[in-house]
Amino acid sequence: MVRRYILILAALLTPWIVHPAAAESANLLIYCGITMVRPITEMARKFEQSEGIKITIAQGGSEDLFQSAKRSGLGDLYLPGEPSYYTKHLAEGLFGEPVTVGYNQLGLFVQKGNPRQIKADARELLRKDLAVVLGNAESGSVGLESKRLLDSLGIYARVVANAAFLSPDSRSINNAMRRGEADVALNWRATAFFPDNAAAIDLLDLDPKLAKPQALLLIQLKLSQNPALSKRFIDYVASEMGQAIFRKHGFFDARSRAGR
């Protein structure tokens with residue numbers, strides 16, 4: 001029986017490369033941004049059972065994952081945390097047509113019960129009495145989208161200067177919040193509904209005119225050795241069954257552009 005591999009990108013400064021033996025042992029290799037790993041893993045396990053195949057999921061920051069696919073020349077599907085990774089890397093020739101499979105948006109995360117009385121306003125990240133954690137714009141989608149949002153308010157550089165530290169992805173931000181290392185963070189809102197986070201974190205929704213819903217694009221890679229199988233998985237994720245799994249994990253489905 002073919003072994004199941006789930007490869008984890010451990011940190012921004014640790015280069016991640018798909019080992020050829022691991023890729024060959026799976027029928028599909030999916031590069032998935034950290035934020036979407038839970039729903040994609042659930043869908044992958046169900047798809048494996050129905051198709052009689054095995055799926056490898058490589059998870060990490062969206063930029064790091066693209067670079068891993070490019071270096072290794074391996075992979076079937078790519079799901080970054082926000083759509084600018086598609087436009088940024090389109091000219092490099094690795095992408096087929098993207099399919100919108102859901103939406104996410106940023107929100108302010110605070111400690112359970114909001115003990116520091118933080119308002120639902122991104123300018124709260126400038127408060128000197130708060131320990132602030134922000135995503136790194138060079139590694140993952142949450143940092144890139146945070147930069148875009150804060151740039152629109154003209155405060156990005158000031159928030160970075162006020163931050164206790166920058167984190168590579170949404171998971172590390174949530175880990176810092178759960179450990180009590182931060183009072184407030186800007187993060188992908190869906191992750192606030194994950195059970196291990198919901199017990200320790202409250203979500204403050206931001207105005208969707210500022211925190212605009214961002215499309216989740218599932219992209220078939222031209223590297224794929226299994227294009228027909230890849231297309232069937234895309235169709236499954238876009239189906240009502242796949243969309244229900246996204247909603248269960250706190251995401252907006254592909255028909256919920258308004259973000260409410």
Side-chain angles (χ1 to χ4, degrees), residues 4 6-12 30-47 55 57-62 64-65 79-82 101-115 118 120 131-136 139-146 149 165-206 208 211 213-218 236-237 241-254 256 259-260:
R4 178 179 300 164
I6 297 180
L7 308 177
I8 300 174
L9 177 65
L12 174 63
I30 303 172
Y31 296 91
C32 181
I34 284 287
T35 306
M36 294 78 64
V37 164
R38 296 190 190 200
I40 289 297
T41 298
E42 182 174 340
M43 284 183 253
R45 301 294 85 91
K46 293 179 183 295
F47 191 76
I55 296 176
I57 299 174
Q59 54 180 289
S62 297
D64 299 312
L65 289 174
L79 180 59
E82 63 108 75
V101 294
Y103 288 87
N104 204 2
Q105 67 188 122
L106 291 180
L108 279 182
F109 286 19
V110 299
Q111 293 294 329
K112 199 69 179 177
N114 195 8
I118 297 165
V132 175
V133 173
L134 195 67
N136 189 321
S139 64
S141 62
V142 67
L144 190 64
E145 184 61 17
S146 295
L149 184 153
F165 55 91
L166 302 183
S167 288
D169 51 51
S170 61
R171 178 185 293 162
S172 59
I173 292 173
N174 287 325
N175 288 341
M177 291 292 295
R178 292 202 308 269
R179 290 193 297 262
E181 296 170 355
D183 299 310
V184 61
L186 198 56
N187 204 356
W188 289 121
R189 74 183 300 280
T191 67
F193 298 92
F194 296 172
D196 48 339
N197 297 329
I201 295 169
D202 279 342
L203 167 70
L204 304 181
D205 270 320
L206 298 170
Q214 296 297 315
L216 299 174
L217 303 180
L218 186 53
Y236 173 70
V237 175
M241 185 178 295
Q243 294 293 284
I245 292 172
F246 264 127
R247 292 192 296 270
K248 183 179 83 171
H249 288 274
F251 294 87
F252 303 117
D253 66 29
S256 302
R260 285 289 181 272

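The residues of the chain are indexed from 1 along the displayed sequence.
The closest donor-acceptor contact from the side chain of Ser141 to the backbone of Ser62 lies at 3.5 Å or more, if one exists at all. A donor-acceptor pair under 3.5 Å links the side-chain atoms of Gln111 to the main chain of Ala182, judged by distance alone. Put simply, the side chain of Gln243 gets close to the backbone of Val237: a donor and an acceptor are under 3.5 Å apart. For the pair Ser139 (side chain) and Pro168 (backbone), a donor-acceptor distance under 3.5 Å is present. The backbone N or O of Ala211 lies less than 3.5 Å from a partner atom in the side chain of Gln105, making a donor-acceptor pair. Put simply, the side chain of Asn197 gets close to the backbone of Thr191: a donor and an acceptor are under 3.5 Å apart.
The two residues Asp205 and Arg189 come nearest to each other via the heavy atoms OD1-NE, 2.9 Å. The nearest pair of heavy atoms linking Leu203 to Ala192 is CB-CB, 4.0 Å.
For the side chain to side chain donor-acceptor pair (under 3.5 Å) test, residues two or more places apart in sequence or in another chain that qualify with Ser170 are Thr35. Partners of Ala120 under the side chain to side chain contact (heavy atoms under 4.5 Å, CB included) rule, at least two apart in sequence or in another chain, are Leu204. For Phe109, the ring pair (Phe, Tyr, Trp, His ring centres under 6.0 Å) criterion is met by no residue, not counting sequence neighbours. When the side chain to side chain donor-acceptor pair (under 3.5 Å) test is applied to Asn104, no partner is found at least two apart in sequence or on another chain. Residues passing the side chain to side chain donor-acceptor pair (under 3.5 Å) test with Gln214 are Glu145, sequence neighbours excluded. Every residue two or more places apart in sequence or in another chain that forms a side chain to side chain donor-acceptor pair (under 3.5 Å) with Asp196 is listed here: Arg38. Residues forming a side chain to side chain contact (heavy atoms under 4.5 Å, CB included) with Ser146 (at least two apart in sequence, or on another chain): Leu106, Leu134, Val142, Leu186. Every residue meeting the side chain to side chain contact (heavy atoms under 4.5 Å, CB included) condition with Phe165, not counting sequence neighbours, appears here in chain and number order: Val133, Ser167, Ala176, Glu181. Every residue meeting the salt bridge (charged side-chain N to carboxylate O under 4.0 Å, His left out) condition with Lys112, not counting sequence neighbours, appears here in chain and number order: Asp202.
To the nearest 0.5 angstrom, Ile173 atom CD1 is 12.0 Å from Arg178 atom CZ. The CG atom of Asn175 lies 11.5 Å from the CE atom of Met177; values are rounded to the nearest 0.5 Å. In this structure, CD1 on Ile55 lies 6.5 Å from CZ on Arg45, to the nearest 0.5 angstrom. Atoms CG and CG, on Asp183 and Asn114 in that order, are 10.0 Å from each other to the nearest 0.5 Å.
A tilted orientation is assigned to the rings of Phe194 and Phe251, their planes being inclined by 30° to 60°.
The side-chain heavy atoms of Met43 and Ile40, taken from C-beta on, include a pair separated by under 4.5 Å.
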